[in-house]
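The structure appears below as structure tokens.
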Amino acid sequence: MKTICAATLIIAFLAATEGTVAFPSTGTTSLREEAAKKNITIGSGAISPTYLKDPEFAAVLAYQFNSLSPENEMKWSLLEPTPGYFNWGTIDTLVEFAEAHDMVVKGHGLISGCCDPDYLLNITEPTAFRAAMTAHFRAVMQRYHGKVDRWDVVTEALKTMGGGLDTNSTFYKVLGPDYIEYAFRIARAADRDAKLFINESLVESLLNKRQELYDLVSRLVANGVPITGVALEMHITETAPIPGVITDIVNSYRALGLEVTISEMDVHTLNSTLQADIYGAVIEEALDAGITDISFWGFTDKHAYTWVSGAKPLMFNETYYPKPAFYATHTSLTNFVNMP
Ligand SMILES: *[C@@H]1O[C@H](CO)[C@@H](O)[C@H](O)[C@H]1NC(C)=O
Ligand SMILES: *[C@@H]1O[C@H](CO)[C@@H](O)[C@H](O)[C@H]1NC(C)=O
Ligand SMILES: *[C@@H]1O[C@H](CO)[C@@H](O)[C@H](O)[C@H]1NC(C)=O
Ligand SMILES: *[C@@H]1O[C@H](CO)[C@@H](O)[C@H](O)[C@H]1NC(C)=O
Ligand SMILES: *[C@@H]1O[C@H](CO)[C@@H](O)[C@H](O)[C@H]1NC(C)=O
Ligand SMILES: CC(=O)N[C@H]1CO[C@H](CO)[C@@H](O)[C@@H]1O
């Protein structure tokens with residue numbers, strides 16, 4: 001591990017409108033510079049447009065990452081709180097920032113575990129419900145066609161600890177298990193080009209849930225459902241996935257013709273050495289397994305979400321200094337050699 005050059009600041013030249021901003025140097029190349037050499041997408045999720053008003057946040061985001069995705073702003077009730085009225089401004093802010101800094105944008109929240117507006121909850125007739133989905137997906141995906149290159153279409157379809165589909169989902173209640181298939185078909189009709197993922201938690205640590213997701217996704221593939229792949233959320237506490245598991249997951253979906261990505265990695269432990277070890281090991285195995293799209297659930301502990309009291313799950317601290325987890329990630333990325 002490299003030592004942190006604590007006192008050094010570097011000056012970044014952002015888009016003309018943003019001027020110059022000083023932020024702590026890592027003493028290394030950036031993650032995105034290393035990623036670009038190897039054609040890897042390295043992103044930060046959980047980007048609320050309001051965070052961009054902090055110049056240091058914006059500078060570190062643009063300097064380190066080549067992809068971003070919103071926090072909650074694309075979830076249904078936040079984006080379309082009343083039928084036909086859209087809060088485009090929040091997402092436009094993110095898209096414009098990404099364009100100014102040569103970053104791609106990942107969309108998420110078309111269907112999520114929260115945030116279904118009352119007017120949707122009120123629709124109980126399947127045909128009308130599917131029409132509402134179609135109108136919402138079409139409006140959102142067509143507006144950002146060519147700007148959002150990939151979407152998490154369905155998130156957390158399975159029960160958290162496994163044991164079948166989450167039957168408490170609004171979508172499940174009205175449409176039954178086929179809602180997943182409808183969602184992908186509607187999304188594909190709305191955007192012919194974007195990659196479409198199913199986003200799921202804990203499959204790298206729960207063997208039964210891993211099998212359930214595989215069974216679900218292989219049925220989708222067998223039915224000709226337009227799905228590009230599986231996004232592993234990868235929220236980790238103290239225990240890293242057993243070595244080899246990420247590789248097995250990637251290989252199993254590759255055999256179905258699908259991609260695997262990491263969509264919201266973070267590591268919730270108070271032990272920063274253990275945290276760095278986990279970041280390093282997961283990124284190393286993921287890259288070696290052929291994963292080319294890795295996003296974290298944010299990058300600075302200033303805006304971290306955690307369920308472990310006192311844990312600081314991200315790669316930079318509250319004042320944007322790199323932590324051991326940054327160096328471990330950087331090292332894994334630097335050491336990675338693309339397969340011929
Ligand atoms: C880079 O990756 C993208 C998407 O994974 C792929 O379409 C493209 O062919 C790759 N380019 C190179 C030069 O390998
Ligand atoms: C939902 O239905 C309830 C009961 O019919 C009604 O009072 C309410 O206004 C409806 N909400 C919306 C947002 O349509
Ligand atoms: C079921 O969903 C509703 C609203 O979507 C939520 O308020 C409730 O807590 C959920 N119940 C369970 C058992 O998850
Ligand atoms: C922190 O994690 C490291 C690496 O696993 C371990 O060697 C060390 O004992 C841990 N420290 C504490 C205080 O648990
Ligand atoms: C962030 O790390 C730097 C360098 O180690 C340290 O000086 C600073 O106090 C840290 N910030 C916080 C809020 O802990
Ligand atoms: C990237 C993405 O879609 N993440 C979502 C995964 O699912 C959970 C639960 O619905 C959401 O909170 C995340 O935003």
Side-chain angles (χ1 to χ4, degrees), residues 1-12 21-28 30-31 44 51 54-61 63-64 75-87 114-133 135-136 139 170-171 173-174 205 234 236-243 265-285 296 298-306 308-332:
M1 203 150 303
K2 297 189 180 90
T3 46
I4 299 173
C5 318
T8 322
L9 292 180
I10 63 167
I11 309 295
V21 184
F23 58 88
S25 171
T26 61
T28 64
S30 67
L31 297 177
S44 177
Y51 303 159
D54 168 357
E56 249 184 301
F57 181 97
V60 177
L61 173 65
Y63 185 71
Q64 294 290 352
K75 292 179 181 175
W76 195 321
S77 64
L78 285 102
L79 189 54
E80 192 186 4
T82 52
Y85 174 81
F86 291 87
N87 286 322
C114 81
C115 314
D116 301 323
D118 285 347
Y119 66 85
L120 182 66
L121 296 176
N122 271 3
I123 305 174
T124 52
E125 197 281 305
T127 305
F129 194 94
R130 281 202 300 272
M133 277 172 76
H136 179 77
T170 308
F171 295 80
K173 282 184 193 154
V174 182
S205 45
M234 205 65 79
I236 298 171
T237 44
E238 302 257 282
T239 316
I242 295 167
M265 180 171 167
D266 49 15
V267 180
H268 302 257
T269 165
L270 277 65
N271 181 337
S272 66
T273 307
L274 176 62
Q275 181 179 59
D277 291 349
I278 294 175
Y279 267 88
V282 167
I283 301 304
E284 180 182 341
E285 184 173 335
F296 303 92
F299 63 92
T300 165
D301 291 329
K302 183 174 184 178
H303 298 297
Y305 163 80
T306 187
V308 177
S309 180
K312 300 187 172 194
L314 300 171
M315 286 190 282
F316 292 82
N317 79 6
E318 293 87 335
T319 47
Y320 303 103
Y321 281 82
K323 294 162 57 182
F326 167 84
Y327 291 101
T329 301
H330 188 276
T331 299
S332 293

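What you are looking at is a predicted structure, and each value in this text was computed from that prediction instead of being measured. Read the numbers this way: they start at 1 and go in the same order the structure lists the ligands and their atoms. The chain is numbered in sequence order, starting from 1.
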Provide the closest heavy-atom pair for [X] versus [Y] in the form atom of the first, atom of the second, distance.
X	Y	answer
P324	S272	CB-O, 4.1 Å
E318	T300	CA-OG1, 4.0 Å
T28	Y327	CG2-CE2, 3.8 Å
G27	S25	N-OG, 2.9 Å
P117	E80	CG-O, 4.3 Å

Open item on the list: So for ligand 2, is N122 a polar contact partner (N or O within less than 3.5 Å, distance only)?
Closed with: yes
TODO: Can you spot which of F296, F57, F316 makes a ring pair (Phe, Tyr, Trp, His ring centres under 6.0 Å) with H303?
DONE: F57
Open item on the list: Centroid separation under 6.0 Å, is that true for the rings of Y321 and F326?
Closed with: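 Not close enough - the centres of the two rings lie 6.0 Å or further apart.
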Task: Aromatic contact, F23 with Y320 (centres under 6.0 Å) - done: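 That pair fails the under 6.0 Å test.
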Open item on the list: For the 3.5 Å polar cut-off, considering only N or O atoms, please tell me whether N317 and ligand 5 meet it.
Closed with: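 In this structure, N317 places an N or O atom under 3.5 Å from an N or O of ligand 5.
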TODO: Would you mind listing which atoms of ligand 5 come within a distance below 4.0 Å of any non-hydrogen atom of E318?
DONE: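 Counting from 1, the qualifying ligand atoms are 12 (C), 13 (C), 14 (O).
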Open item on the list: Using a 4.0 Å cutoff against the non-hydrogen atoms of T319, which atoms of ligand 5 qualify?
Closed with: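 So the answer, numbered in order with elements, is 1 (C), 8 (C), 10 (C), 11 (N), 12 (C).
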- [ ] Below 4.0 Å from any atom of ligand 4, which residues have a heavy atom? Give them in chain and number order, please.
- [x]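 Its neighbours under 4.0 Å (heavy atoms only) are N271, L274, D277, given by chain and number.
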